[in-house]
Structures are given as C-alpha cells and as structure tokens.
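Numbers restart at 1 for each chain; the letters A, B, ... are given by sequence-line order, proteins then strands.
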Amino acid sequence: MARHLITSAIPYINGVKHLGNLVGSQLPADLYARYLRARGHEVLFLCATDEHGTPAELAAAKAGKPVAEYCAEMWQVQADLAEGFRLSFDHFGRSSSEQNRKLTQHFAGVLADRGLIREVSETQMYSPTDGRYLPDRYIEGTCPNCGFDSARGDQCDNCTKQLDPVDLINPHSTVSGATDLEMRETKHLYLRQSEMKDELEAWIDSKTDWPVLTTSIAKKWLTDGDGLQDRGITRDLDWGVPVRRGDADWPGMEGKVFYVWFDAPIEYIACAQEWVDAGKGDDWARWWRTDEGASDVRYTQFMGKDNVPFHTLSFPATILGSGEPWKLVDYIKSFNYLNYDGGQFSTSRGRGVFMDQALEILPADYWRWWLLSHAPESSDAEFTWENFQTSVNKDLADVLGNFASRVTKFCRSKFGEAVPEGGTRGALEEQLLSDLSAKIAEYQAHMEAIEIRKAATALRAAWVLGNEYLQEAAPWATFKEDPEKAAMQIRLALNLIRLYAVISAPFIPDASAQLRAALKSEDAGWPDDLPEALEALPAGHAFTVPEVTFRKITDAEREDWQSRFAGTRS
RNA sequence: GGGCCUGUAGCUCAAUCGGUUAGAGCAGGGCGCUCAUAACGCCUUGGUUGGGGGUUCGAGUCCCUCCGGGCCUACCA
C-alpha cells in the first residue's frame with residue numbers, strides 16, 4: 001500500500017465555477033483519490049479556494065462587501081457545491097488562511113536569504129479615482145495599431161498586438177471609467193527563476209511519462225526567447241499576504257502583498273496544516289517534508305492547461321529555491337478545455353452550465369459520469385445537450401441501471417426478495433468470470449495511469465458483460481425446466497450488481513451507495529479476488545429492489561435546458 | 001508574428017516502436033429475446049485518416065507544404 005498526496009488546482013474565489021472548471025481539475029482529482037482509497041492506499045486529497053488578487057477585490061466591491069467577508073461567503077458556497085458533487089477532499093482550505101500567510105512569508109524570507117529575490121523598480125498605472133494601481137488589462141483605450149476602441153492595456157483583442165498601457169490612446173479604467181490615470185514608480189520583488197533554469201529544465205526533462213500537454217508548455221516557457229524570465233511576486237494591493245521577510249519587516253515593501261500566483265501553490269502545503277489544525281489529521285509534515293516521512297509519498301497534481309506554467313516552473317522554483325526538504329510533485333495531469341455547445345464556457349459572460357445550476361437539474365452522478373467519460377484529455381472537448389442526454393441515458397439508465405432493475409425484479413417475482421439457493425456454475429459462468437477479470441484489470445490499469453476516458457470505457461464494458469451474460473443464460477427460460485439453474489444464474493447476477501456498485505463508486509458514488517444499500521451489502525471492498533467477490537451475497541441474503549437508479553432524461557427536459565442555458569446567467 | 005496542440009465513420013473518440021484487413025460507443029438498418037427503465041443481445045451499413053507532395057518494403061503514425069480548429073505568448077487568475 002502506497003501513500004498518495006493529491007491536489008486539485010485551487011479554484012478562484014470570485015463566483016461559482018462552471019462545468020469546464022470542474023472537469024479540469026477537481027473532478028478528475030476526486031476520481032483518482034476515490035479510486036486509490038478504494039484500492040486500500042493511504043490518500044491525502046486537498047483543495048482550497050484561491051482568494052487573493054484584484055478580481056476578488058473588485059467582485060467584493062461590486063457585491064458591496066468587505067473583501068474578507070465576501071471571500072468567506074464564497075468559500076462556503078464553493079464548499080457546499082463541492083460537497084454536492086461529492087468531491088471527497090480531506091480538507092477544503094483557503095489561501096487566505098493564517099497558515100498560508102506564515103508559510104508564504106517564510107518561503108519569501110528563505111528565498112531572499114539564498115539570493116533568489118531581487119528588487120525591481122518599475123512604473124505602474126495608478127488610478128486616483130479608484131484609489132488603486134490597475135493591472136494592465138483593467139485599462140482600456142484605443143489601439144495605436146489598428147484603432148480598435150476597446151483595446152486592453154496588455155493586448156488588443158482586435159489586432160492581437162501586444163501593448164503597454166501607456167501606448168493606449170485615451171486610456172481609462174475599466175473599473176470606474178476614470179481617465180485621470182498616471183504612471184507611478186513602485187518597487188517590487190522578483191523571483192529569480194532565471195537562476196534556476198537549468199535545474200528546472202533537468203527536472204522537467206526527467207519526467208518522460210508526463211502528458212505532452214504538461215511538458216510542452218513547461219519547455220516552451222523554459223526555452224522561449226531569452227529563456228525563463230524572473231517573475232514579479234508582489235503587487236500593490238490591500239488584499240493578500242502582506243510582504244514580510246519571514247517574521248521580519250521588509251523595508252520598502254510596506255503596504256504591498258504577495259502576488260496570488262506566489263501564495264496560491266503554497267496553499268497546497270498550508271492546506272495540509274489547516275487539515276491538522278481542523279482536527280482531521282495529526283501530522284502534515286509526513287506528507288510534505290521528505291525529512292519527516294514524505295519521501296515515500298507519491299504526489300499528483302491535477303489542473304487545466306492554463307495553470308501548467310505555475311505548477312511546472314514557478315512553484316517548483318519556490319520549492320527547490322528554498323533549499324529545504326519539501327516534497328516536489330511526481331506527476332502533473334493537465335487537461336484541455338471543455339467547450340459549451342460550439343463556444344467557450346465563460347464565467348464573465350455567464351455562458352454554459354454552472355455547478356449550482358447543474359445540481360439543481362440533475363443529481364451529481366449524471367454530471368460526474370458524463371464529464372469524466374468525456375474528459376478533455378487529448379484535446380478540447382465539447383458539451384452538447386444532445387450528447388449529454390444520449391450518453392447518460394444509454395450508459396447509466398440502459399446499461400447499468402436497467403441491469404440492476406431486470407435482475408432484482410426477476411428475482412423478486414420468481415424467488416422472492418432473497419438471494420436464491422441451489423445450482424452450480426458451468427462453462428458460461430467460467431467464461432464470464434474470465435472476461436470480467438480481464439476487463440477489470442484493464443479498468444485498473446487505466447485508472448492507475450489516470451487515463452480517464454479509457455477507464456470509463458472499460459468500466460462501461462464491464463457493465464455490458466452483465467447484460468450479455470443474462471441474455472445468454474436466459475434465466476427466464478431456464479426457470480421453466482431447471483429452477484435450480486436459474487437460481488444459480490440469478491445469484492450470480494445479483495452479485496454482479498454489487499460488484500458493479502463497488503468498482504463504479506469512484507465515478508458514481510451516490511448510485512453505488514444506493515445499489516449497495518438496496519442489496520443490504522456493507523462490503524465495499526475492492527474485488528481483488530473476483531470469484532470471492534461474486535460470492536459476497538450468499539444464498540438466503542435478503543435484499544430489496546432498488547428504486548430506479550438512473551431515470552432517463554426526456555427530450556422535453558433536454559429542450560428546456562437547451563434554451564434555458566443558451567443565454568446568459570443573470 | 002512566434003510556439004505548442006489538434007483534424008480519423010453522421011456524432012464522440014481509439015489505434016503500443018512505422019507493421020496484417022484503421023477499431024469502439026452512439027445514431028442508422030436487419031434479426032432475436034420477453035426478465036427489465038420502449039429496456040437487453042446478435043448481425044450489419046458507414047472511412048481516399050483535412051488537401052497535396054515526399055521518405056520507406058510498408059505511413060493515421062515520420063518529413064515538407066497548404067487549409068481548418070484550439071491554446072499560450074509571462075501584469076486576469
């Protein structure tokens with residue numbers, strides 16, 4: 001049994017996340033965590049909210065609330081939704097935690113001591129009306145290149161030319177519309193990533209089994225132009241981790257905070273401390289310090305492709321640069337994007353299905369199954385209501401749900417609500433066991449390799465084997481001339497339902513639990529020994545016919561949702 | 001502009017190191033079954049692997065080129 005540390009990219013605080021966000025990190029991470037736990041491994045699965053930065057301040061202002069209060073509320077919203085989707089975090093933390101504040105300041109201090117931080121004086125747009133410095137993209141004006149009148153300070157959306165805010169004609173704040181912008185001189189800390197380029201590159205090069213998506217993005221940043229650039233790790237903001245050098249003041253940095261992308265990954269570690277402080281665990285160091293027991297931990301991170309540079313370069317630079325024995329990531333699983341019906345999901349425009357809306361219309365398992373079985377692993381994937389309806393109806397209702405239904409109902413009508421007794425297995429049953437064993441082995445191999453779509457395909461194929469067996473065995477026919485044989489067939493089929501419930505739990509935990517409850521089976525142990533697992537429900541064991549496990553999505557519903565979610569979210 | 005990814009059946013996706021006749025699911029067609037959520041099973045139609053050129057005994061896979069889609073390009077996070 002191994003020890004697995006699993007983290008999902010931490011979702012930003014400003015609002016409910018959409019299904020694309022969910023399938024890009026939290027959901028696949030949960031699948032993996034549930035699977036490894038089911039296989040008996042020791043797992044620590046962490047996630048948190050990413051709370052700092054300009055967008056959080058502006059969202060709070062818009063909501064008319066102090067930013068700390070806004071974040072606390074939104075954390076609760078996201079925590080509830082995570083629970084709704086059955087995301088099995090051991091702890092769902094907050095990057096604004098006390099633990100993260102201290103740890104972030106600690107890392108900055110250590111990095112400074114080791115000469116990996118330098119001060120840079122630069123100019124930045126300041127808006128007296130807004131009373132704040134504005135990131136480049138919060139300034140808009142007319143593009144000096146093409147004349148587009150809504151060009152952003154970092155890039156023109158019309159001609160794609162990269163810009164500097166001072167280049168814009170008639171620049172104004174997108175927050176207030178203020179035009180009295182001025183350049184102010186300000187001092188910031190830069191992490192000297194360039195010093196660590198060779199070390200990082202050697203490390204990335206050693207990860208030959210990582211997804212191409214992960215390594216190609218990392219290599220690009222390492223080798224593009226002049227190579228890996230130093231990165232600013234402080235900002236002129238109120239909301240964030242105050243800049244301190246460990247426990248000490250940092251002269252000249254008063255009133256500044258660390259950049260979110262510096263403190264957010266550190267929250268992975270702080271979250272383990274929060275987990276302990278919340279009384280859920282007793283030793284975070286054995287997961288994170290290689291000198292305190294973490295050397296045998298396998299650490300896997302899940303994220304969307306936009307997060308890859310920070311996880312392959314910035315955060316490792318922080319860890320390696322500290323010279324302290326922190327656990328480095330072993331495997332980075334990254335995802336492409338999920339699109340919505342011909343376009344992108346968009347938080348700002350409210351396009352697509354959001355986590356709260358999804359749970360309002362259907363149980364979590366429907367979404368979990370579709371999203372995971374269509375995870376955007378090799379390229380961007382697309383959500384359409386037609387595909388969702390047919391996939392879910394066919395896979396969950398027809399293949400799995402109906403199997404449980406036909407077996408239990410047949411048993412009830414012919415033998416009553418207890419596992420029937422008698423008969424002995426023959427060649428057909430031997431063949432089923434052999435096929436099933438091979439299919440489960442395939443499923444396990446894909447799960448271990450985190451090949452999610454392939455794992456879903458193998459799992460579904462295992463469900464199909466049950467229907468094939470039933471058709472071949474035809475207990476409704478054998479019952480007429482050899483009731484004992486039919487009893488044996490149905491006993492096996494009832495055990496198949498339990499088996500399916502167990503192996504499907506990482507994908508569809510609620511349905512799995514519901515099926516086991518109907519079968520009155522406490523045992524959720526993984527079927528390491530398949531013949532034994534298919535004897536788990538012995539003759540005479542009482543059960544009940546489960547409620548319809550998965551009802552079908554009707555055409556009327558699909559059409560309703562299709563139009564309801566076509567527009568924008570209010 | 002530069003870089004990376006991607007294009008395979010009507011749809012969603014496979015295809016190990018370049019190796020036999022490019023495979024699944026869904027949708028379509030036919031047959032069977034009657035236990036079941038109009039469910040299940042079997043058979044089956046369907047592909048010049050985006051176009052063109054090249055390397056090779058052999059190319060979906062490697063090279064060149066053109067076309068389409070997507071992402072990144074470092075101050076959104």
Using Watson-Crick and G-U wobble pairs whose two distances are both under 3.5 Å, how do you write the pairing of RNA chain B as dot-bracket, with | for links to another strand?
(((((((..((((.....[...)))).(((((.......))))).....(((((..]....))))))))))))....
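At a threshold of 4.0 angstrom between heavy atoms, the contacts of A:G227 include nucleobase atoms, whether or not backbone atoms are also involved. Counting any heavy atom pair closer than 4.0 Å across all strands shown, A:D136 reaches a base atom. A:E468 comes within 4.0 angstrom of sugar-phosphate atoms only, judged by non-hydrogen atoms across all strands, and of no base. Within the nucleic acid shown, A:P55 comes within 4.0 Å of sugar-phosphate atoms alone, with no base atom in reach, counting heavy atoms only. Contact annotation for A:Y337: backbone-only contact, meaning every heavy-atom pair under 4.0 Å involves sugar-phosphate atoms and none involves a base. Here A:V548 lies in heavy-atom contact (under 4.0 Å) with a base. Residue A:V464 is classed as a sugar-phosphate contact, given heavy-atom separations below 4.0 Å to backbone atoms only. A:T54 comes within contact range of the sugar-phosphate backbone alone, with a heavy-atom separation under 4.0 Å but no base atom that close. Residue A:E386 is out of contact with every strand shown, counting any heavy-atom pair closer than 4.0 Å.
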Passes side chain to side chain contact (heavy atoms under 4.5 Å, CB included), A:L134 versus A:Y126? Steps please.
CA-CA 6 Å; A:L134 291 171; A:Y126 183 81; over 6 Å; no
Candidate pair A:S391 and A:H374, rule side chain to side chain contact (heavy atoms under 4.5 Å, CB included), full reasoning
CA-CA 10 Å; A:S391 295; A:H374 293 79; 3.5 Å; yes
Do A:Y259 and A:T234 pass the side chain to side chain contact (heavy atoms under 4.5 Å, CB included) test, and can you show the C-alpha distance, the side-chain angles, and the key distance before you say yes or no?
CA-CA 5 Å; A:Y259 176 43; A:T234 53; 5.9 Å; no
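At least one donor-acceptor pair closer than 3.5 Å links the side chain of A:K333 to the backbone N or O of A:I450.
For A:Y469, no side-chain nitrogen or oxygen approaches OP1 or OP2 of B:C35 to under 4.0 Å. For the pair A:R137 and B:C76, the criterion of a side-chain N or O lying under 4.0 Å from OP1 or OP2 is met. Within the structure, a side-chain polar atom (N or O) of A:K394 is placed less than 4.0 Å from OP1 or OP2 of B:C40. Within the structure, every side-chain polar atom (N or O) of A:Y259 is placed at least 4.0 Å from both OP1 and OP2 of B:C76. Under 4.0 angstrom from either OP1 or OP2 of B:A15 there lies at least one side-chain N or O belonging to A:K454. Contact between the side-chain N/O atoms of A:K305 and the OP1/OP2 oxygens of B:G70 is not found at any separation under 4.0 Å.
A cation-pi arrangement, defined by a distance under 6.0 Å to the six-membered ring centre and an angle within 45 degrees of its axis, is absent between A:K439 and A:Y443.
A donor and an acceptor atom never sit less than 3.5 Å apart when one is taken from the side chain of A:N402 and the other from the base of B:A39. Within 3.5 Å, no donor on the side chain of A:Q489 pairs with an acceptor on the base of B:C35, nor the reverse.
Here the side chains of A:I204 and A:W221 are not in contact, with every heavy-atom distance at 4.5 Å or above.
The same atom, P, is picked in B:A27 and in B:G60; the two are 30 Å apart, to the nearest Å. The C1' atoms of B:G70 and B:G10 are separated by 23 Å, rounded to the nearest whole Å. Of the C1' atoms belonging to B:G7 and B:G51, the separation is 12 Å, rounded to the nearest Å. On the C1' atoms, B:A24 is 10 Å away from B:A15, given to the nearest whole Å. Look at the P atom in both B:C62 and B:G30: the space between them is 42 Å, to the nearest Å. B:G54 and B:C17 have their P atoms separated by 28 Å, given to the nearest Å. To the nearest whole angstrom, the two P atoms, one in B:U12 and one in B:C76, are 33 Å apart. The P atoms of B:C31 and B:U21 are separated by 34 Å, rounded to the nearest whole Å.
Ranked by how close their nearest RNA chain B nucleotide is to the 5' end, A:E472 and A:F403 are led by A:F403.
A search for side chain to side chain contact (heavy atoms under 4.5 Å, CB included) contacts involving A:R551 returns A:L362, A:Y366, A:V548, A:E557, not counting sequence neighbours. For the side chain to side chain contact (heavy atoms under 4.5 Å, CB included) test, residues two or more places apart in sequence or in another chain that qualify with A:E185 are A:S121, A:T123.
One can place CG of A:L400 at 12 Å from P of B:C40, the figure rounded to the nearest angstrom. Note: CG (A:L470) to C1' (B:U34) measures 12 Å, nearest angstrom.
Stacking here means ring centres nearer than 5.5 Å and ring planes tilted less than 30 degrees, and by that measure A:F410 does not stack onto B:C35.
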Atom pairs and distances, side-chain donor-acceptor, residues 461-468 of chain A, under 3.5 Å, sequence neighbours left out:
from	atom 1	to	atom 2	distance (Å)
A:W463	NE1	A:S504	OG	3.0
A:N467	OD1	A:R406	NH1	2.8
A:N467	ND2	A:V399	O	3.1

Cut-off 3.5 Å, no hydrogens considered: what does the side-chain donor-acceptor table look like for residues 12-19 of chain A, sequence neighbours left out?
from	atom 1	to	atom 2	distance (Å)
A:Y12	OH	A:H52	O	2.5
A:Y12	OH	A:A56	N	3.1
A:K17	NZ	A:Y12	O	3.2
A:H18	ND1	A:G20	N	3.0
A:H18	ND1	A:N21	N	3.2
A:H18	ND1	A:N21	OD1	3.4
A:H18	NE2	A:N21	OD1	3.3

Collect all protein-nucleotide pairs involving nucleotides 4-13 of chain B in which both atoms are nitrogen or oxygen and the distance is under 3.5 Å.
from	atom 1	to	atom 2	distance (Å)
B:C4	O2'	A:S216	OG	3.3
B:C13	O3'	A:R453	NH2	3.2

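In this structure, A:K219 places its NZ atom where more than 12 heavy-atom neighbours from other residues, nucleotides or ligands lie under 6.0 Å away. Sparse packing is recorded around CD of A:E472, with 12 or fewer heavy atoms of other residues, nucleotides or ligands lying under 6.0 Å away.
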